[in-house]
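A short write-up of the structure that comes next.
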Amino acid sequence: MTFKVLIVEDHELYRDALCFILHEAFPNIQVIKVDDFPAAITALTSHNDISLILLDIHIPGTSGLKGLKEIKSRYPALPLVVISTIDQQASIQQMLLLGADGFISKASSKTTIIKALNSFMEGEVVIIEGPSNSSSPTLSPRQITTLELLSLGLSNKEIATQLNISPSTVREYVSDLLTLFSCNNRTQTVLKARQLGFILD
């Protein structure tokens, strides 16, 4: 199997280790390595035959999930697997909603990563999580969006304008979020959501 992979990872040791793992798993592979987001965009522009992106979320030149969102908006059909230490179920859920095609925790062993990449290249959806967090609720896409707007300090009226819904509907969403996170107010909810990985700054 011959294909080209772009590794977007700012830690040199892990980047080189990932490159080694890829060559071990796929002997004929071509690997492009970059260490920040602008370099990733340059590589994608320069190479129109990349078959897979392995992306770390926390890299210079972008923040939170903006990098993932931008790459998938520009190249929606290009397979992208996130490899990150941010491995809470809540965070992974957001990445998948934004278009990530798979997720591998950096805590995974070499054997696990090789098996996951082989499965992914055979067309399977691969999600290798870190330690599970049973206290983490499951949110709908609209609830996640509302939560993100809450974290920006927007009022119910401002959130309603952003989402093009009524303030009363926003109140229901906020009330549901307080219940899901077992909190008494918006500030507590946002803080707990950050701790559980629902909000990535």
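Since we're looking at a predicted model, the values are computed, not measured. The basis for the numbers below is simple: all heavy atoms, side chains too, and nothing from hydrogens, waters or symmetry mates.
- Side-chain atoms of Gln93 come within 3.5 Å of backbone N or O of Leu139 as a donor-acceptor pair.
- Applying the ring-ring contact (aromatic ring centres under 6.0 Å, His included) rule to Phe181 yields the partners Phe198; only residues at least two apart in sequence or on another chain are considered.
- Side chains of Thr169 and Ser166: a donor-acceptor N/O pair is present below 3.5 angstrom, by distance only.
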List the atom pairs, donor and acceptor, that lie under 3.5 Å between side-chain atoms in residues 112-122 and the rest of the protein, sequence neighbours left out.
| unit_1 | atom_1 | unit_2 | atom_2 | d |
| --- | --- | --- | --- | --- |
| Thr112 | OG1 | Ser109 | OG | 2.9 |
| Asn118 | ND2 | Ile114 | O | 3.0 |
| Ser119 | OG | Lys115 | O | 3.0 |

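- Rounding to the nearest 0.5 Å gives a distance of 6.0 Å between CG of Asp176 and CD of Gln143.
- Legend: residues meeting salt bridge (Lys or Arg N to Asp or Glu O under 4.0 Å) with Glu172, ordered by chain and number and at least two apart, are absent.
- Ile83 contributes atom CD1, which lies 4.5 Å from atom CD1 of Ile104 (distance to the nearest 0.5 angstrom).
- Here side chain to side chain donor-acceptor pair (under 3.5 Å) pairs that include residues 13-27, with residues two or more places apart or in two chains, are Asp16-Lys33, Glu24-Lys110.
- Looking only at side-chain heavy atoms (C-beta outward), Leu78 and Ile53 come within less than 4.5 Å of each other.
- With sequence neighbours excluded, no residue forms a salt bridge (Lys or Arg N to Asp or Glu O under 4.0 Å) with Arg142.
- With sequence neighbours left out, the salt bridge (Lys or Arg N to Asp or Glu O under 4.0 Å) criterion links Glu70 to Arg74.
- Connection of Leu54 to Phe20 is not established within any shared hydrophobic cluster, with ILVMFWY side chains joined at heavy-atom distances below 4.5 Å, either directly or through further cluster members.
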